[in-house]
Amino acid sequence: MSRDPATAAVRSTSRPLRVGDLLLDNNIITQDQIEKALAYQKDRGHNKLLGEVLVELGFVTPEQVMEVLAEAYDVPFARVSPKIADPKVIETLPREFLEKNTVLPLFVIGGKLTLAVHEPANVFLVEEVERLTGLQVQVVAATVKDIESTIQAYLPNANIFVIDDLVEDLREDELSLVERQIADLSDAEGAATDSPVIKLVNYLIYSAVHDGASDIHIEPGDNALRVRNRVDGRLYNKMTPPHQMLPAVVSRIKIMAGLDISERRMPQDGGITVMIDKRQIDLRVSTMPGKFGEKVVIRIIDTRNAMASLEKLGFSYKMLESFRTMIRQPNGVLLVTGPTGSGKSTTLYAALNEINDESVNISTVEDPVEYSVNGINQFQVHEKAGFTFAGALRSLLRQDPDIVMLGEIRDQETARIATQAALTGHLVLSTLHTNDAPSAVTRLFNIGVEPYLVAASIRGALAQRLVRKICTHCKDEVDMTPQQKRTLERMGDAGQDIETLYQGTGCAKCRNTGFAGRIGIYELYVPTDEALDAICRGAGLQELRRLAAQQDDYQTLREDGLEKVKAGLTTLEELFTATAA
């Protein structure tokens, strides 16, 4: 087999070239930067190559590193994207091989395969590709990011959409190209694959993720179409596309979510996985027919939230120590309570991450699975198939778990199995919908769990809410109004201790809202022996609250919130809005 000159150049190199020297010779970096990178590499003791460390420190870009390597090995440098790759050629090599070696077949011309690689010096890899394909290989150098994103875009059955490249050229005037009324299904399906519609949907997802939104609402009205994003718990108008685009936009979303585009009279639910900035984002899609067309809500599940540590959630020092003690108990029931959207799942995942190690078997039963976490066994219930919370938990207890997390305790059977599991040596974490922490106990009574079982198994309950944080870029002191002073005085010592209030004046960083991000306020209830005796005899909520208030370290949601108001993290108005119930 004849050899391509570019491939031959790779093979003629007698020894690996040093990236640092190449970058120095091309005046891209300085000797001082190399020394800093080497010291950084040594201090952290990781196995990253020097080029990777230089990129991590921001001294060079991946493209600059790859360009000098390509020049040194006498191969072309290419900016690879889904636009230039041939999907049929990509399929000539197994997906596992492409991902393991980070290579990408681009196209075949005249019996010669052009192969994008990120290691131009890897002679053996080129020979392996020639053996597998039976084609002569011409090498081009490309960055890892470009190769991986193109693989994710085109591999069959990957079920992942890479949307970065599809939004980079989006212009507002392109959004008006689909102006005609969609009259029938075939037109809707065709319009859903038109470039302007694809770019619009991708832009909506892309911008929502970058804005930190938790949900996208696509809402049809009478001759109007509104798109709103939920950011920090509040809905904001994003754009108003032409109303005629609704059928095509909904069809595009259904195609991405694997839903039936011909079904418009019944609600549907599905899921999408997208890649944004080399990061996987899961989306949950819900459609519902309305008077003026189908309404679509897309829930954004950002896996970064699953990696949040307990320190970043907003616990006070004492409460964090108490909560850590609770989650390291060998057995018992620990409940996290609050309304929908109060961050209960984030808290539970943060707790699981903290106690997750190879010595324990952690399993979850969820509906649906919020985040995928390495080292944890996760199971999703399927009510229609008979795989319920109670059934899943009953089967799971035969799988030798140490720690079990239930997405929610919904019924008497699940609650009884959970308490019995706690009594037989398992730590059970779950959620309930209650207004405060002591109410979790009485809710178990109401569900049908015997008081003596609750008293024997309960280790504690954590109530929580989310409040918006004052934007740090426009934060300013404000004069306390007479009404605010009277309100604080009525709240006792916790309120009278506050002398200064803060608010955000509004800036570009916070979309002129004065708020950016959210933080939790918490109420941790750890029953004392006296409280457990009361629980055992089925005490009412008022008695449990009275006994809790007698504990020195007990704080209500509002008292914890006032600490955050005093620290200038949030406002009084936010606190009272979150704790109104």
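Predicted model, so just to flag it, every value in this text is computed and none were measured. What's counted below: heavy atoms across the whole structure, side chains too, no hydrogens, waters or symmetry copies. Nothing fancy with the numbering, it's 1 onward along the sequence.
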Compare all side-chain heavy atoms of [X] with those of [Y] and state whether any distance is below 4.5 angstrom.
X: Q378; Y: T364; value: yes
X: I272; Y: V274; value: yes
X: E219; Y: L225; value: no
X: L93; Y: L132; value: yes
X: L204; Y: I298; value: no
X: F387; Y: V365; value: no

Taking all heavy atoms of [X] and all of [Y], pick out the closest pair and write down the distance.
X: V103; Y: F97; value: CG2-CE2, 4.0 Å
X: L113; Y: P105; value: CD1-CB, 3.8 Å
X: F292; Y: H243; value: O-NE2, 4.1 Å
X: L313; Y: A350; value: CD1-CB, 3.9 Å
X: L54; Y: L23; value: CD1-CD1, 3.6 Å
X: C474; Y: C510; value: SG-SG, 3.8 Å

Discussion item. So, applying side chain to side chain donor-acceptor pair (under 3.5 Å) with E294, which one of Q268, R264, K254 is it?
Written reply: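 Looking at Q268, R264, K254, the match for E294 under the side chain to side chain donor-acceptor pair (under 3.5 Å) is K254.
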Answer yes or no: is there an ion pair linking [X] with [Y], defined by an N-O contact shorter than 4.0 Å?
X: E99; Y: R95; result: yes
X: D269; Y: R284; result: no
X: K238; Y: D211; result: yes
X: E574; Y: R234; result: yes

Practice prompt. Can you establish whether the number of heavy atoms outside K36 located under 6.0 Å from its atom NZ is more than 12?
Written response: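 Not buried by this count: 12 neighbours or fewer within 6.0 Å.
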Discussion item. Can you tell me if E354 has over 12 outside heavy atoms packed within less than 6.0 Å of its CD?
Written reply: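 Enclosed.
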Is the closest side-chain donor-acceptor distance between [X] and [Y] under 3.5 Å?
X: D476; Y: T505; result: no
X: T30; Y: D32; result: no
X: D215; Y: N229; result: no
X: E148; Y: T102; result: no

Discussion item. Using a 6.0 Å distance limit plus a 45 degree cone around the ring axis, check whether R230 lies over the aromatic ring of Y236.
Written reply: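 Here R230 fails the 6.0 Å and 45° test against Y236.
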Practice prompt. Could you grab the distance from atom CZ of R226 to atom OG1 of T240, nearest 0.5 Å is fine?
Written response: 10.5 Å
Worksheet entry | Nearest-0.5 Å distance, CD1 of residue I300 to CD1 of residue I216 |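 One finds 4.0 Å between CD1 of I300 and CD1 of I216.
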Worksheet entry | Among I28, V55, I29, side chain to side chain contact (heavy atoms under 4.5 Å, CB included) partner for V65 | V55
